[in-house]
Amino acid sequence: MILENERWAVTITETGAELTAIYDKKQQTDLLWEGAAPFWRRHAPVLFPHVGRTWGDVLRLNGRVYPCMQHGFARSQVFTAVQEGKETGIFTLCANEETREKYPFDFVLCITYTLGEKELQVRWQVENRGHDPMPFTIGGHPAFRFAEKEGKKEDYCLYFPGKEELSYCRLDTRHGTAIPEKVYRLKTDGGYVPLSDGMFKEDALIFDGGQIEEAWLYRKDGTPRVGLRSRDFPNYGIWSMVGAPFVCLEPWQGRCDDCGENRDFSEKPDAVVLAAGESFQKEYQILVP
């Protein structure tokens with residue numbers, strides 16, 4: 001599906017209802033990572049029914065365990081395009097035999113993309129059509145590329161409006177789960193933080209406590225490239241690969257397990273537990289200057 005207006009040209013694939021291209025006509029540049037070797041092969045997957053990895057790669061639900069993969073299954077499922085307009089596209093994924101083997105709930109996940117003058121809105125709606133409470137986490141994972149095809153992180157910085165300092169934890173790279181007892185400080189210079197490959201040698205930076213509501217990728221010369229606004233998200237990830245010409249800005253409702261975590265999924269911090277017949281909505285915006 002292609003959405004387009006005077007500012008944007010956006011491509012979305014039915015697999016994962018994933019953004020695969022964002023072209024900014026004013027800047028005459030592609031904003032989204034193209035998903036190419038030798039780096040990450042995805043673009044902007046939707047993470048559902050859980051964000052990140054779980055301890056032991058299983059979901060613990062009501063005394064049972066279900067096998068799961070990092071970031072859940074939605075990113076690999078084929079969605080149905082239920083509405084296509086010039087500036088709006090809507091996709092849905094319903095529970096099926098394959099998803100119930102990993103996640104025993106009757107859900108509907110609806111993803112809506114809407115173009116504005118200077119923003120691309122991404123909205124998620126999750127509906128519980130079953131009879132039992134349904135726990136889940138959900139998140140975004142858009143990768144924003146540098147303007148140069150082989151650009152270096154040292155030529156860019158991140159900007160967090162109004163933030164003097166942020167705190168984050170790291171992952172245990174053996175298990176892909178968080179080490180929350182080790183807290184690090186990210187001090188800014190008027191909100192700006194230089195990018196470097198060294199930031200990502202131990203994988204992602206994980207921010208809890210709703211610290212980040214807006215983040216921008218800037219050139220070192222002070223030119224804004226692309227931003228992301230995500231109000232009321234309790235968790236956030238920032239990730240890249242060493243040598244890769246992109247950075248991911250990831251708003252999350254809930255995150256990966258902590259190391260050694262063996263609680264029921266419904267008891268996870270920041271997980272949503274949706275009652276039968278209820279629905280949940282969350283949205284974020286991709287911004288251009």
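Not measured: the values here are computed from a predicted model.
Scored by the ring-ring contact (aromatic ring centres under 6.0 Å, His included) test, F144 finds no partners at all (sequence neighbours excluded). In this structure, the salt bridge (Lys or Arg N to Asp or Glu O under 4.0 Å) partners of E4, at least two apart in sequence or on a different chain, are K25. Under the ring-ring contact (aromatic ring centres under 6.0 Å, His included) criterion, Y184 pairs with Y168, not counting sequence neighbours. Residues satisfying the side-chain contact (heavy atoms from CB on, under 4.5 Å) criterion with N262, sequence neighbours excluded, are R60.
A pairwise comparison of heavy atoms in R75 and P45 identifies CB-CB, 3.8 Å as the closest pair. The minimum heavy-atom distance linking C256 with I206 is given by the pair SG-CD1, 4.0 Å. Between L59 and K102, the shortest heavy-atom contact is CD1-O, 3.9 Å. When all heavy atoms are compared, the tightest approach of P67 to E101 is CD-O, 4.4 Å. For the pair W216 and V288, the tightest heavy-atom approach, listed with the atom from each and the gap, is CH2-C, 3.9 Å. Contact record, P194 with C157: CA-CB, 3.9 Å, taken as the closest heavy-atom pair.
Atoms CD and OG1, on Q70 and T177 in that order, are 10.5 Å from each other to the nearest 0.5 Å. Taking CG of L195 as the reference point, atom CZ of F146 lies at 5.5 Å (rounded to 0.5 Å). The distance from the CG atom of D203 to the OG atom of S240 is 10.0 Å, given to the nearest 0.5 Å. Atom OG of S196 is separated from atom NZ of K152 by 13.5 Å, given to the nearest 0.5 angstrom. Note: S279 OG to W124 CH2 = 15.5 Å, rounded to the nearest 0.5 Å. One distance of note links CG of D24 with CG of L31; it measures 5.0 Å at 0.5 Å rounding.
Criterion: ILVMFWY side-chain heavy atoms under 4.5 Å apart, direct or through other members. Under it, L274 and L61 are part of a common hydrophobic cluster. Cluster annotation: L186 is not connected to W252 through the hydrophobic network of ILVMFWY side chains, with a link wherever side-chain heavy atoms come within less than 4.5 Å. Cluster membership check: I12 shares its hydrophobic cluster with L120, using side-chain heavy-atom separations under 4.5 Å among Ile, Leu, Val, Met, Phe, Trp and Tyr. L47 and F233 fall into different hydrophobic clusters, where Ile, Leu, Val, Met, Phe, Trp and Tyr are joined by side-chain heavy atoms under 4.5 Å apart, directly or via other members. The cluster map of Ile, Leu, Val, Met, Phe, Trp and Tyr, joined by side-chain heavy atoms under 4.5 Å apart, puts I286 and I90 in different clusters.
Other residues, nucleotides and ligands contribute at most 12 non-hydrogen atoms within 6.0 Å of the CD atom of E6. Heavy-atom contacts from other residues, nucleotides or ligands closer than 6.0 Å to CD of E165 number more than 12.
The aromatic ring centres of Y66 and Y103 sit 6.0 Å or more apart. Taking the ring centroids of H71 and H50, they lie at or beyond the 6.0 Å cut-off.
Using a 4.5 Å cut-off on side-chain heavy atoms (C-beta onward), L217 and L158 make contact. The closest side-chain heavy-atom distance from Q77 to E98 is below 4.5 Å. Annotation: side chain of T137 is not in contact with side chain of R255 (no heavy-atom distance under 4.5 Å). Here the side chains of R145 and P245 are not in contact, with every heavy-atom distance at 4.5 Å or above. By the 4.5 Å heavy-atom criterion applied to side chains, I138 and L109 are counted as neighbours. With a 4.5 Å cut-off on side-chain heavy atoms, M134 and V126 count as touching. With a 4.5 Å cut-off on side-chain heavy atoms, M69 and D57 do not count as touching. Inter-residue side-chain proximity for S230 and E214 is flagged as unmet; no heavy-atom pair is nearer than 4.5 Å.
Between the side chains of E283 and Q285, at least one donor N or O sits under 3.5 Å from an acceptor N or O. With 3.5 Å as the limit, one finds no donor-acceptor pair spanning the side chains of D232 and Q253.
Taking Ile, Leu, Val, Met, Phe, Trp and Tyr as hydrophobic and joining them when side-chain heavy atoms fall under 4.5 Å apart, one finds F39 in a cluster with W33, W40, W239, M241, F246.
Partner of Y236 under the side chain to side chain contact (heavy atoms under 4.5 Å, CB included) criterion, chosen from D208, L249, L166, L205: L249. Of the candidates F105, F73, F107, P49 forms a side chain to side chain contact (heavy atoms under 4.5 Å, CB included) with just one, namely F73. A salt bridge (Lys or Arg N to Asp or Glu O under 4.0 Å) with D257 is found for exactly one of K268, R263, R53, namely K268.
At least one donor-acceptor pair under 3.5 Å links the side chain of D264 to the backbone N or O of N62. A donor-acceptor contact shorter than 3.5 Å is absent between the side chain of D258 and the backbone of I179. For D30 (side chain) and L32 (main-chain N/O), no donor-acceptor pair under 3.5 Å exists by modelled atom type. Listed for the Y113 side chain is a donor-acceptor partner under 3.5 Å among the backbone atoms of A17. With N96 contributing its side chain and T99 its backbone, the two residues share a donor-acceptor pair below 3.5 Å. Using a distance-only test at 3.5 Å, with no hydrogens or angles considered, a donor-acceptor pair links the side chain of D197 to the main chain of G243. Under a 3.5 Å cut-off, the side chain of Q211 and the backbone N or O of S167 do form a donor-acceptor pair. K26 places no side-chain N or O within donor-acceptor distance of the main-chain N or O of W8, the cut-off being under 3.5 Å.
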* Please test V46 against E18 for side chain to side chain contact (heavy atoms under 4.5 Å, CB included), starting from the C-alpha separation and ending with a verdict. => CA-CA 7 Å; V46 178; E18 182 179 359; over 6 Å; no

* side chain to side chain contact (heavy atoms under 4.5 Å, CB included) between C110 and T112: does it pass, once the steps are laid out? -> CA-CA 7 Å; C110 179; T112 302; 4.1 Å; yes

* Asked: Between N128 and D106, does a side chain to side chain contact (heavy atoms under 4.5 Å, CB included) hold up when you go through it step by step?
  -> CA-CA 6 Å; N128 180 1; D106 288 322; 5.5 Å; no

* For F136 and F48, what are the C-alpha separation, side-chain angles and deciding distance, and is it a ring-ring contact (aromatic ring centres under 6.0 Å, His included)? -> CA-CA 7 Å; F136 66 90; F48 177 87; 5.7 Å; yes

* Start with the C-alpha distance between V10 and L19, add both sets of side-chain angles, then the distance that settles side chain to side chain contact (heavy atoms under 4.5 Å, CB included), and finish with yes or no. => CA-CA 7 Å; V10 172; L19 289 163; 3.3 Å; yes

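R129 and E127 are joined by a salt bridge, as a carboxylate oxygen and a charged side-chain nitrogen come within less than 4.0 angstrom of each other.
Sorted by first and then second residue, the side-chain hydrogen bond (donor to acceptor under 3.5 Å, both in side chains) pairs involving residues 217-228 (not counting sequence neighbours) are T29-R225, E148-R219, D221-T223.
Ring pair F160/F207 is tilted by interplanar angle, where 30° to 60° counts as tilted.
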